[in-house]
Amino acid sequence: MKIIWNNILDEGLIHLQLENGINLYYYPKKGFTKKYAIFSTSFGSNHTSFTEKPNGKIIKLPNGTAHFLEHKLFEDPDRNIFERFAKYGANVNAYTNFDQTSYLFSTSDNFYDSLSLLVEFVQNPYLTDENIEKEKGIIGQEIQMYRDNPRWRVYFNCLSAMYHNHPVKDDIAGTIDSIREIYKEDLLLAYNRFYHPSNMVLFVVGDLELDRIAEAVNKASRRFPADAGTPVKYYPEEPAVVRQNFIEDYMSTSKPLFYIGFKDTDPGKTGKASVKKDIVTNMLLDILLSESSEFYQDIYSQGLIDSSFGAYYSGKSDYGQSMIVGQSDDPKRVYQLVVELMSNKTSPLNEDAFLRAKKKEMGRFLMGLNSVEFIANNLTDLYFQGFYLMDYLDLLSETTFEDLLERFERHFSSGESVLSVIWPEGMVK
């Protein structure tokens, strides 16, 4: 047993590696009624290629495999998984993003039974040729639903214009054509490589008993081959420049929607360095573009944007982008003004603004610790980056104004940006 504690928070994690190799982390929250568990694999939509050990051969999976497998793990030949959780009074869900797939539930009662069920169904896939073919129709409808969503389309259009080869440009669920190429053998290959305990983590948060948590997991978990190993993910070479600066489409929407993307030309950071880059970049965007900024107030007063305007940075070790989003009758003018702001070396960055943004982020983080969902989901995301949530406050505290200026220069000076617009159907520009 290992304890990872933060003395300032007086909170932390207890780590156990269980009998079948599952890495279990328990975050005690005394007095909390709600309990939460999330069981995750470092396998998302970006991980379509990996090298096979020991020969180093590159294996390619169809786009959408991770999301497809998430759907199929809820398949049970005897009884509906959702009904089984509902019997315990628990709400179960799952999601796939670019970097991970997670299965989760929350409940106030019958937690240990629900935890056993979570581990049981994730570790026992039921895959047949028949149920896989049936699922293709269901996921195909989901893909089309998102393709018909203007906000989804403007986002992925932006990524497709930004990236040449990196799979982050591809829809998480894949395409109608790519899911047709998913067969039982693909799903079993993906499951056996990426759902091995060495590539997964289980976080539990709430007022619980550690021994009973371990007992519930051990009771439900199955044995895996000890030598399966963690797959080495492969990404094609990605140029620093964007693929194209402008992309547009027409859809049924009342007002033009836009995404302005700045490509991160400084990838390769892992662990603490990766998390620090995330913190600093989001601080920059808050200072420059939030509702309290001079820039926001100026273009809002001109009627160029409305309250839907916002900005955020997202990324991992192999990709990253800052996104400025909203709706406007003149998105090209908004883009021009944003680019001018980001290229201005005398932009409104000063130490007072930095300290305000830093305090704001500290407050957001501390408030988040009152939510079991916030704790568990961020524990998972940071864990796969090689960082513990309890160290977040310390890292934030040691972040300096000089870090902010350096990141501003490094991220925005390249000018590698994209404007993606969805115009209303029939609009004359």
Side-chain angles (χ1 to χ4, degrees), residues 44-49 58 60 63 97-99 152-172 175 178 233-249 256-270 273-274 276-285 288-289 295 310-326 328 331-347 349 385 403-423:
S45 65
N46 283 351
H47 307 139
T48 54
S49 299
I58 296 174
K60 180 75 171 70
N63 287 351
N97 60 28
F98 294 124
D99 305 288
W152 189 259
R153 183 87 67 87
V154 71
Y155 171 59
F156 271 98
N157 281 357
C158 188
L159 290 176
S160 70
M162 192 178 297
Y163 290 93
H164 298 252
N165 304 312
H166 196 286
V168 74
K169 67 184 174 58
D170 300 320
D171 195 300
I172 290 167
T175 65
S178 72
K233 295 151 188 169
Y234 169 80
Y235 303 101
E237 185 175 347
E238 175 63 35
V241 297
V242 300
R243 188 171 66 86
Q244 63 191 82
N245 294 108
F246 179 64
I247 185 169
E248 61 183 338
D249 211 338
L257 307 175
F258 68 85
Y259 260 72
I260 299 167
F262 284 85
K263 188 175 185 178
D264 196 342
T265 57
D266 184 34
K269 300 286 192 300
T270 59
S274 173
K276 185 174 184 178
K277 180 167 74 170
D278 189 294
I279 289 172
V280 172
T281 312
N282 278 301
M283 275 189 191
L284 273 169
L285 295 171
L288 295 172
L289 298 168
F295 179 82
Y312 64 92
Y313 172 82
S314 62
K316 293 294 184 285
S317 63
D318 50 287
Y319 72 93
Q321 58 277 330
S322 289
M323 294 293 210
I324 297 100
V325 310
S328 173
K332 291 184 178 180
R333 177 59 178 160
V334 175
Y335 175 60
Q336 178 188 2
L337 292 171
V338 167
V339 170
E340 288 176 2
L341 173 71
M342 295 308 189
S343 62
N344 183 1
K345 300 302 186 265
T346 59
S347 65
L349 295 176
Q385 295 185 65
D403 294 326
L404 196 81
L405 295 176
E406 180 184 351
R407 177 61 177 157
F408 179 75
E409 179 67 26
R410 188 178 288 269
H411 184 35
F412 295 110
S413 65
S414 68
E416 292 302 326
S417 60
V418 171
L419 171 62
S420 170
V421 180
I422 297 290
W423 305 102

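Keep in mind it's a predicted model, so treat the numbers as computed, not measured.
- Taking 4.5 Å as the limit, some side-chain heavy atom of Asn46 sits within range of a side-chain heavy atom of Pro167.
- Using a 4.5 Å cut-off on side-chain heavy atoms (C-beta onward), Val241 and His164 make contact.
- Proximity of Val418 to Gln244: side-chain heavy atoms (C-beta onward) are nowhere separated by under 4.5 Å.
- Taking 4.5 Å as the limit, some side-chain heavy atom of Leu284 sits within range of a side-chain heavy atom of Leu349.
- Of all non-hydrogen atoms in Gly320 and Tyr313, the two that sit nearest each other are CA-OH, 3.7 Å.
- Contact of the Tyr259 side chain with the Asn157 side chain is not registered, since no non-hydrogen atoms from C-beta on lie closer than 4.5 Å.
- One finds the OH atom of Tyr335 at 10.0 Å from the CD1 atom of Ile324 (value rounded to the nearest 0.5 Å).
- Residue Leu159 holds its CG atom at 11.0 Å from CZ of Arg243, rounded to the nearest 0.5 Å.
- Aromatic ring orientation, Phe262 versus Phe412: perpendicular (interplanar angle above 60°, classes split at 30° and 60°).
- Between Lys316 and Asp264 there is no salt bridge, since none of the side-chain N atoms of the basic residue sits less than 4.0 Å from a carboxylate O of the acidic one.
- Counting only distance, with no hydrogens or angles, the side chain of Lys263 and the backbone of Met162 share a donor-acceptor pair below 3.5 Å.
- Applying the salt bridge (Lys or Arg N to Asp or Glu O under 4.0 Å) criterion to Asp266, with sequence neighbours excluded, gives Lys269, Arg410.
- Here the closest heavy-atom approach between residue Val421 and residue Pro256 is recorded as CG1-CB, 4.5 Å.
- Between the side chains of His411 and Ser322, at least one donor-acceptor pair of N or O atoms lies under 3.5 Å.
- For the residue pair Gln321 / Ser314, a side-chain donor-acceptor distance below 3.5 Å is found, with atom types taken as modelled.
- Looking at Thr48, its side chain never comes within 3.5 Å of a backbone N or O of Asn63 through a donor-acceptor pair.
- In this structure the side chain of Phe295 reaches within 4.5 angstrom of the side chain of Val338, judged on heavy atoms.
- Once rounded to the nearest 0.5 Å, the distance linking CG of Leu405 with CZ of Arg407 reads 13.0 Å.
- For Asn245 (side chain) and Leu419 (main-chain N/O), no donor-acceptor pair under 3.5 Å exists by modelled atom type.
- Look at Glu238 and Lys169 and you find no salt bridge, because none of the NZ, NE, NH1 or NH2 atoms lies under 4.0 Å from a carboxylate O.
- Annotation: side chain of Ile279 is not in contact with side chain of Asp403 (no heavy-atom distance under 4.5 Å).
- Under the 6.0 Å distance and 45° angle rule, Lys332 counts as a cation-pi partner of Phe246.
- For the pair Met323 and Leu285, the minimum side-chain heavy-atom distance is 4.5 Å or more.
- Side-chain atoms of Asp99 and Tyr319 form a donor-acceptor pair, as typed in the model, at a separation below 3.5 Å.
- Annotation: salt bridge (Lys or Arg N to Asp or Glu O under 4.0 Å) contacts of Asp278 (sequence neighbours excluded): none.
- A donor-acceptor pair shorter than 3.5 Å cannot be found between the side chains of Glu416 and Thr265.
- Between Phe258 atom CZ and Tyr155 atom OH the span is 16.0 Å, to the nearest 0.5 Å.
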